[in-house]
Amino acid sequence: MSELAPVVHVVDDDAAFLKAVTRLLKAQGYTVRSFACATEFLQRPGSDAPGCVVTDLRMPGMDGLDLQRAMSQRPGALPIVFLSGEGDIPTTVRAMRHGAEDFLTKSAPKEELFAAIDRAIARDSRQRAEDTQRRTAQDLVASLTPRERFVLLQVIAGRLNKQIAGDLDVSERMVKIHRTAITTKLQRRSVAELALLAQAAGLLDS
Amino acid sequence: VLLRGMVFDVTARHATDSELQLLRSQLAHASRVSMMGQLASALAHELSQPLGAILRNTEAAELFLQHEPPDLEELKAILVDIRLDGQRAGGVIERLRALLKRRTFTPRVLSLRDLMDTVAALTRIDASIRNARLDIQVEPDLSAVMGDSVHLQQVLLNLVLNALDAIGESPTDTRKVAVLARRLGGSNVEVSVSDSGVGIAPDKLAQLFEPFFTTKPNGMGIGLSISRTIIEAHGGRIWAENNAGGGATFRFTLPVAAREGSA
């Protein structure tokens, strides 16, 4: 996944502005996809590439805040950088509260625009890396039997084989066999590594 | 000059008026404020698109120029787009101008007393909110003038509201705006609006009527420049001066209606 180039999705109903921003971002070296409206953007073919959305706030039909709402209801939502003709404070606050990466005026210097896009892409890449890590960890943990999972949690909690054997009413040798199965399935050797994996999988959350 | 004026305290005069009239004034006030706000907001949005596009295209062109060799076809296309957006921004301004012009200029003989009464009614709320006294004096038997009542009403309204804004910081008992209409020598009438505020910095007096010049934190700097355009279209003059005893006075002149001027 990480080998995919980040994509900047630009959404603006104003054809001239859309063309100009697309041109500028391409000249700077970004991979850009342009969309004339929010609906067109939402209907794009799915992709695993990291990226962000640069959108006009005020558009006929579905506006920038509507788009933000629609995206937040789907998995893998991209961070949004809003561009606005006039920065009115209530709208800005609303957008930021719902996780907008940035809020710029349409005539903000290009350096600010690039910086906001880079921040948004970095956030998305980080988010994707965490998601991938979590999914991998969850897949590994899912391969454990319920008993192995119990033993794993006990081991992480720092309990001795003898204590675990007592809890389960099995021999200490049986616990050792479980532990070997766990380290093989999870591909982790030390207790510290097992703890990190369990945390990544969300096993320690509850 | 011997002036036999009439003073009527607007607040007192209207104290017994029905609530309906109060409501009407409030509506008039609200629509004045919101119209200006809407106009400014629409203008900002309409202009931000082409201006933003021009800026982005220029920045893109600068980046393309750094490429070796520069993509001349792309640069030509960018220049075409910049020209189109420049024309588009000009078109927005042109449409706005046409919109403002739509109300045609219809001069007719009109009485300044009637004009003052309308403005007094429209600004009554503003004056009472500020605990200000609004004195309106019209010289008895003042000649009628030739003009467009709606346009002149706009000028007078603007001056009175500015004056009320200017006295906002003064102690309550000295908050006063005085409007006076009187005959000047020759065939002119002069209207003055004086306030008891802090006055105007002498170096700003000349710029006051320039478009987009404002001393108010949220002002657009449009009112006085439009006022000047209107007064000059009527063949009059408008200017501002500081009062000897503090505050400022705005004055404008209007020629008296022809049949009275020659009488």
Side-chain angles (χ1 to χ4, degrees), chain A residues 8-37 54-61 63-65 81-92 102-118, chain B residues 33-93 95-96 212 217-222:
Chain A
V8 183
H9 303 84
V10 185
V11 185
D12 202 305
D13 65 299
D14 189 282
F17 188 81
L18 181 65
K19 188 170 165 191
V21 178
T22 304
R23 194 181 255 152
L24 173 68
L25 295 178
K26 280 185 176 163
Q28 179 68 9
Y30 291 101
T31 305
V32 187
R33 302 268 177 280
S34 314
F35 303 90
C37 70
V54 175
T55 178
D56 189 6
L57 184 68
R58 205 158 132 173
M59 292 183 287
D63 69 16
L65 291 180
V81 174
F82 281 106
L83 292 184
S84 161
E86 70 275 37
D88 84 283
I89 294 166
T91 317
T92 314
D102 243 308
F103 210 102
L104 301 175
T105 63
K106 287 216 159 169
S107 51
K110 68 175 190 300
E111 290 73 18
E112 279 184 29
L113 179 64
F114 296 158
I117 288 174
D118 291 343
Chain B
V33 171
S34 73
M35 207 181 83
M36 243 8 221
Q38 279 170 9
L39 190 66
S41 166
L43 188 66
H45 184 73
E46 286 291 308
L47 284 177
S48 73
Q49 303 282 14
L51 294 181
I54 288 171
L55 181 68
R56 296 297 165 232
N57 272 319
T58 310
E59 289 171 337
E62 284 163 356
L63 290 177
F64 278 117
L65 278 174
Q66 289 167 13
H67 295 180
E68 200 50 59
D71 185 342
L72 291 182
E73 286 309 309
E74 187 68 28
L75 284 167
K76 270 187 214 164
I78 288 176
L79 286 177
V80 168
D81 286 349
I82 288 177
R83 182 184 312 124
L84 287 174
D85 274 316
Q87 286 167 348
R88 185 153 70 115
V92 173
I93 304 281
R95 280 208 308 282
L96 180 75
F212 303 117
N218 297 315
M220 283 180 71
I222 289 184

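Below, read A as the first sequence line, B as the second, and so on, with proteins coming before strands; counting in each chain starts at 1.
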Tell me, with the steps shown, if Phe82(A) and Thr55(A) meet side-chain contact (heavy atoms from CB on, under 4.5 Å). CA-CA 5 Å; Phe82(A) 281 106; Thr55(A) 178; 3.7 Å; yes
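- Neither the backbone nor the side chain of Lys26(A) comes within contact range of chain B, judged by heavy atoms closer than 4.5 Å.
- Looking at Asn57(B), the atoms closer than 4.5 Å to chain A (heavy atoms on both sides) sit in the backbone and in the side chain alike.
- Ranking Glu74(B), Glu62(B), Gln66(B) against chain A, the residue ahead of the rest is Glu74(B), based on heavy-atom pairs under 4.5 Å.
- Within the structure, side chain to side chain donor-acceptor pair (under 3.5 Å) pairs that include any residue of residues 108-118 of chain A comprise Tyr30(A)-Asp118(A) (at least two apart or interchain).
- Using a 4.5 Å cut-off between heavy atoms, Leu113(A) contacts chain B through its side chain alone, with no backbone atom that close.
- Remark: Ala27(A) pairs with Leu63(B), Phe64(B) by the side chain to side chain contact (heavy atoms under 4.5 Å, CB included) rule, at least two apart or across chains.
- Heavy-atom distances place no part of Leu84(B) under 4.5 Å from chain A, backbone and side chain included.
- The minimum heavy-atom distance between Asp63(A) and Leu57(A), with the atom names listed, is CB-O, 3.3 Å.
- Contacts between Leu55(B) and chain A at a heavy-atom distance below 4.5 Å involve the side chain alone, from C-beta outward.
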Could you give me the CA-CA distance, side-chain angles and deciding distance for Phe17(A) and Leu83(A), then say whether side-chain contact (heavy atoms from CB on, under 4.5 Å) is met? CA-CA 11 Å; Phe17(A) 188 81; Leu83(A) 292 184; 3.8 Å; yes
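- Within the 4.5 angstrom heavy-atom criterion, no atom of Ala61(B) approaches chain A.
- A salt bridge does not link Asp14(A) with Lys106(A): every distance from a Lys NZ or Arg NE/NH1/NH2 to an Asp or Glu carboxylate oxygen is 4.0 Å or more.
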